[in-house]
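Everything on this sheet refers to the single structure shown next.
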Protein chains: 2
Amino acid sequence: MRIGELAERAGVSTRTLRYYESRGLLPTRRAGNGYRVYGDDDLRLVEQIRTLQDFGFGLEETRPFVECLRAGHPAGDSCPASLDVYRRKLAELDVLIGELRSVREQVGAQLVRAEAELRGGPEPRCELGG
Amino acid sequence: MRIGELAERAGVSTRTLRYYESRGLLPTRRAGNGYRVYGDDDLRLVEQIRTLQDFGFGLEETRPFVECLRAGHPAGDSCPASLDVYRRKLAELDVLIGELRSVREQVGAQLVRAEAELRGGPEPRCELGG
DNA sequence: CGTTGCCTTGACGTCGGGGTCAAGGAATAC
DNA sequence: GTATTCCTTGACCCCGACGTCAAGGCAACG
């Protein structure tokens, strides 16, 4: 199959495939006329990359998975290096989620406070004995 | 005060201050020699911007806060437009945190599965009747 | 007078993941 | 022959928030 068909089957643009190739993620054979030629294993490579990208992995982080597949393993995460990436990503996600929750709380508190000040005037006052 | 002092007091670079000015966030008077001259109110502006930036707000999102301060209000969030930004940000954060938690779960599940396959072989087997 | 240090504007670089031409070659249909 | 479609490489464009020069002006010190 040529680049256009692979692109359509994988749901990406041809530009994206050439970009992956330029990053050393997608190996490419050439036909006699210079056209890129791909097989079904290349489709699996691209699908693996897209799956990880959808999870928010950077392209470089997909490299161990790609190399694992290219080494003949049944899945991209059949190799220890891929599992390490999973673990690092989990740790990153935990940190990030924690930070975002903290920010959410702080922004929420600011909103409540600012709303109260807009409605009730700047000075905090006690309802008791009003 | 000149740009160097404001930068140091606000904990940002002079480049950053000029950038804020170029975005119309930081108004600037000039001394006779062309130097930028700032007052303490400008320091408060920059601090407001930095606080929001630390929360992950984009520069454009800080504009209502900045304009609120410049209009003479006691705080950047003393104006309804600022509260709207708070509310939009909260909604964005909720969506983002939800997505990240979903990704975290999926990646975690992949890790568990892949670890099991690495240790126990590819075929899922039953311990009973071993 | 020179040096140092802060200031000015302008312009290009960075990072990631590609999008979007442009100019031309190749295969196929008619 | 020519129209169409796919393919090739190369090159510039995008976002955001600045970093990093480059070339030169201004102030103060000695």
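Proteins come first, then strands; the chains are lettered A, B, ... in the order of their sequence lines, and each starts at number 1. Keep in mind that what you see is a predicted model, and the values were worked out from it rather than measured.
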Using a heavy-atom cut-off of 4.0 Å to chain B, what are the terminal contacting nucleotides of DNA chain D, in 5' to 3' order?
dA17(D) to dA27(D)
Which is more 5' along DNA chain D, the nucleotide nearest Asn33(B) or the one nearest Gly58(B)? Just name the residue.
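Taking each residue's closest nucleotide, the earlier one in sequence belongs to Gly58(B).
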Which residue pairs satisfy the side-chain hydrogen bond (donor to acceptor under 3.5 Å, both in side chains) criterion with at least one member in residues 58-75 of chain B, sequence neighbours excluded?
Glu60(B)-Arg63(B), Glu61(B)-Lys89(B)
If you apply the rule salt bridge (Lys or Arg N to Asp or Glu O under 4.0 Å), what do you find for Glu92(A) with Arg87(A), and how did you get there?
CA-CA 9 Å; Glu92(A) 278 177 29; Arg87(A) 293 190 193 99; over 6 Å; no
Members of residues 34-56 of chain B that approach DNA chain D, where some heavy atom sits under 4.0 Å away:
Tyr35(B), Arg50(B), Gln53(B)
Residues in contact with DNA chain D, drawn from residues 2-27 of chain A - heavy-atom cutoff 4.0 Å
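Arg2(A), Ile3(A), Gly4(A), Arg18(A) - these, ordered by number, are the residues of the stretch whose heavy atoms sit under 4.0 Å from the strand.
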Go through the side-chain N and O atoms of Ser102(A) and Gln106(A) and say whether any donor and acceptor fall under 3.5 Å apart.
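Gln106(A) and Ser102(A) do have a side-chain donor-acceptor pair below 3.5 Å.
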Is the side chain of [X] donor-acceptor paired with the backbone N or O of [Y] at a distance under 3.5 Å, no angle test?
X: Thr16(A); Y: Val12(A); result: no
X: Asp42(A); Y: Gly39(A); result: yes
X: Thr14(A); Y: Ile3(A); result: no

Is the number of heavy atoms from other residues, nucleotides or ligands within 6.0 Å of CD (Glu5(B)) greater than 12?
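Counting neighbours around CD of Glu5(B), more than 12 heavy atoms of other residues, nucleotides or ligands fall under 6.0 Å, so yes.
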Ring pair (Phe, Tyr, Trp, His ring centres under 6.0 Å), that's the test. Do Phe55(A) and Tyr86(A) meet it? Break it down for me.
CA-CA 11 Å; Phe55(A) 282 163; Tyr86(A) 276 157; 8.2 Å; no
Is it the case that one hydrophobic cluster holds both Val85(B) and Ile49(B), taking links as side-chain heavy atoms less than 4.5 Å apart, direct or via other members?
no
Same cluster (ILVMFWY, side-chain, under 4.5 Å), Leu100(B) and Val107(A):
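Yes; tracing contacts between hydrophobic side chains, which count when under 4.5 Å, links both residues.
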Under the salt bridge (charged side-chain N to carboxylate O under 4.0 Å, His left out) test, which residues partner Asp54(B), sequence neighbours left out?
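If we apply the salt bridge (charged side-chain N to carboxylate O under 4.0 Å, His left out) test to Asp54(B), skipping adjacent residues, there are no hits.
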At how many degrees, to 10°, do the end axes of the helix from dC1(C)-dG30(D) to dC30(C)-dG1(D) meet when each uses five pairs?
40°
Starting from the C-alpha separation in whole Å, work towards a yes-or-no answer on salt bridge (Lys or Arg N to Asp or Glu O under 4.0 Å) for Arg101(A) and Glu105(A).
CA-CA 6 Å; Arg101(A) 290 217 281 220; Glu105(A) 275 189 31; over 6 Å; no
